[in-house]
Amino acid sequence: MEGEAELRRADLASDPLEQFRHWYAEAAAALDVPEAVALATATPDGAPSVRMVLLKGFGERGLVFFSHYTSRKGRELEANPQAALLFHWRPLGRQVRVEGSVERIVDSESDAYFATRPRDAQLGAVASRQSDPLASRAELYERLAELEGDLGGGPVPRPATWGGFRLMPIAWEFWQHGESRLHDRFRYEREPSGGWRVDRLFP
Ligand SMILES: Cc1cc2nc3c(=O)[nH]c(=O)nc-3n(C[C@H](O)[C@H](O)[C@H](O)COP(=O)(O)O)c2cc1C
């Protein structure tokens, strides 16, 4: 594993988004799928669930991923908009945790992203009732064939039940693997003033 270098407070950006941008660029150079991220959600009474999604963008307005609004994660986010993301970039010995609230992106942005997807992926998004029970693979093929027939080769409209979410961070943690388990951890927390407080944490 590379990335055994110590992470020093002096090396950290004061803005966690800038720190993430820096680490993400290094992850993109070192890994095939740096955008793979675990998304944790929870029911209103606190029962958690977690699954992988793909990060499709990030910036001042949050971290964006796409899914079915009617899926289990979509339903949980609707009822409880608190969520967490976890990246693990093993070749760099790094982990990044992000916590915050989640909202849907605007329809026009979901439309724009949907339009960039391959037709097969678009058809899949329309045909799938993600997270619902499916009797057999054949049922899914039938739904796809029916859809193809209805569309007659025309464009695939984005289903209203599929689109983007943005997580707006209130906390970030940057974790760097160190020798002899002396890992470095720094947690950023949003302050009422709008700035970020940074604490080193015990590993
Ligand atoms: C590497 C990887 C990336 C994935 N990316 C997405 C994604 O971007 N959006 C999505 O809805 N599901 C994605 N999935 C599938 C989800 O992990 C999950 O099975 C699905 O969204 C249903 O989750 P839910 O029932 O908790 O809502 C991905 C799976 C893997 C393994």
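Each ligand, and each atom within it, is numbered from 1 in the order the structure gives.
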Exercise. Any idea which atoms of ligand 1 are less than 4.0 Å away from a heavy-atom of R72?
Worked result: 24 (P), 25 (O), 26 (O), 27 (O)
Exercise. Any idea which protein heavy atom is nearest atom 5 (N) of ligand 1, and the distance to it?
Worked result: V53 CA, 3.3 Å
Exercise. Are any of the side-chain nitrogens in D199 or R187 under 4.0 Å away from the carboxylate oxygens of its partner?
Worked result: no
Exercise. Between F174 and W23, is the gap from one ring center to the other below 6.0 Å?
Worked result: yes
Exercise. Closest non-hydrogen protein atom to atom 18 (C) of ligand 1, residue and atom name please, with distance?
Worked result: R51 CG, 3.8 Å
Exercise. What's the shortest heavy-atom distance between G124 and L144, and which atoms?
Worked result: N-CD2, 4.2 Å
For this session: Pull out every atom of ligand 1 sitting under 4.0 Å from any heavy atom of S67, numbered as shown with elements.
Result: 10 (C), 11 (O)
Problem set entry | N/O donor-acceptor pair under 3.5 Å between R185 side chain and W175 backbone | no
For this session: Answer yes if a protein heavy atom lies under 4.0 Å from atom 9 (N) of ligand 1, otherwise answer no.
Result: yes
Exercise. Do we see a donor-acceptor contact under 3.5 Å between the side chains of S49 and T41?
Worked result: yes
Problem set entry | Side chains of Q176 and R94, donor plus acceptor under 3.5 Å | yes
Seminar exercise, completed: for atom 20 (C) of ligand 1, nearest protein heavy atom and its distance come out as Q130 NE2, 3.3 Å
Exercise. At what distance, to the nearest 0.5 angstrom, does CZ of F87 lie from CG of L31?
Worked result: 11.5 Å
For this session: Tell me which protein heavy atom sits closest to atom 21 (O) of ligand 1, plus the residue, atom name and distance to 0.1 Å.
Result: K73 NZ, 2.5 Å
For this session: Would you mind running through ligand 1 and noting each atom that sits below 4.0 Å from a heavy atom of S131?
Result: 24 (P), 25 (O), 27 (O)
For this session: Write out the residue and atom name of the closest protein heavy atom to atom 31 (C) of ligand 1, then the distance separating them to 0.1 Å.
Result: M52 CB, 4.0 Å
Problem set entry | Passing candidate, ring-ring contact (aromatic ring centres under 6.0 Å, His included) with F20, options Y188, F186, F58 | F58
For this session: Please say whether G74 places an N or O atom under 3.5 Å from an N or O atom belonging to ligand 1.
Result: no
Problem set entry | 4.0 Å heavy-atom contact, F66 with ligand 1 | yes
